[in-house]
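All remarks here apply to the structure that follows.
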Amino acid sequence: MKRNLKNAAAALVICATVMISVPSARALDLGDILKKGAIGIAGGWLVTAISPQMNDFINTITFNKGVKYEGYTKVVPIVSIGDGARIGAAQVGATTQDAIDRTKAVAQLEGEFSSLRATALIPIDSLNPLQRFRRVKGVGVTAIINVRL
């Protein structure tokens, strides 16, 4: 009961902070914010739930094409750092099981330079890059999984 009360109080403080920090000229669409948050949470849960099947599928198609990854692989959620809500997943590969076990997600960073646009995909050790994360060395992205919404 105390935990629920603390969670409710924290949510109220966050909502109040957002409401105060938004300029009065811009309308705040709380429904849109909640929808994007729900999509992100549900998407992360879905990726985690079906990651073994997605990993097996990717390993099968790459094996059939003669380009199988020689090492350890798994599928993790892609977490975007920046604007917009997205759902995605990536297969990561490493030569050691320890490196794969430490990888929790792939951070997606985007940037523009002149007329060029770049996307960096970085295997990280946290599902929440806003809180804290570190690159997992020795791990690379071997496949990207897109979900049509």
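Positions are given from 1, in the same order as the sequence printed here. Nothing here was measured: the structure is a model prediction, and the numbers come from that model.
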To the nearest 0.5 Å, atom CD1 of Ile100 lies from atom OG1 of Thr73 at 6.5 Å

Separation between CD (Gln108) and CD1 (Ile144), nearest 0.5 Å, reads 7.5 Å

Where is the tightest heavy-atom contact between Ser126 and Ala105, given as atom of each residue plus distance? O-CB, 3.6 Å

On a heavy-atom basis, which atom in Ala89 and which in Val75 lie closest, and how many Å separate them? CB-CG1, 3.9 Å

I'd like to know whether CZ of Phe57 has more than 12 heavy-atom contacts from other residues, nucleotides or ligands below 6.0 angstrom. no

Distance-only, no hydrogens or angles: does the Tyr69 side chain make a donor-acceptor pair with backbone N or O of Thr62 under 3.5 Å? no

Can you measure from CG (Asn55) to CD1 (Ile50) and round to the nearest 0.5 angstrom? 11.5 Å

Salt bridge (charged side-chain N to carboxylate O under 4.0 Å, His left out) partners for Asp56, two or more places apart: none

For the hydrophobic clusters of this structure (ILVMFWY residues joined by side-chain heavy atoms under 4.5 Å, transitively), does one cluster hold both Phe133 and Leu127? no

Between Arg102 and Asp125, is the closest basic N to carboxylate O distance under 4.0 Å? no

Starting from the C-alpha separation in whole Å, work towards a yes-or-no answer on side chain to side chain contact (heavy atoms under 4.5 Å, CB included) for Val92 and Val136. CA-CA 11 Å; Val92 293; Val136 180; over 6 Å; no

What pairs meet the salt bridge (Lys or Arg N to Asp or Glu O under 4.0 Å) rule with one or both residues in residues 65-76, with sequence neighbours excluded? none

Nearest heavy-atom contact between Pro123 and Leu121 is CD-O, 3.8 Å

Candidates Val106, Val141, Asn59 - the one meeting side-chain contact (heavy atoms from CB on, under 4.5 Å) with Gln91: Asn59

Identify whether Ile58 and Phe63 are in the same connected component of the hydrophobic contact network (ILVMFWY, side-chain heavy atoms under 4.5 Å). no

Contacts of Arg135 that satisfy side-chain contact (heavy atoms from CB on, under 4.5 Å) - sequence neighbours left out: Ile122

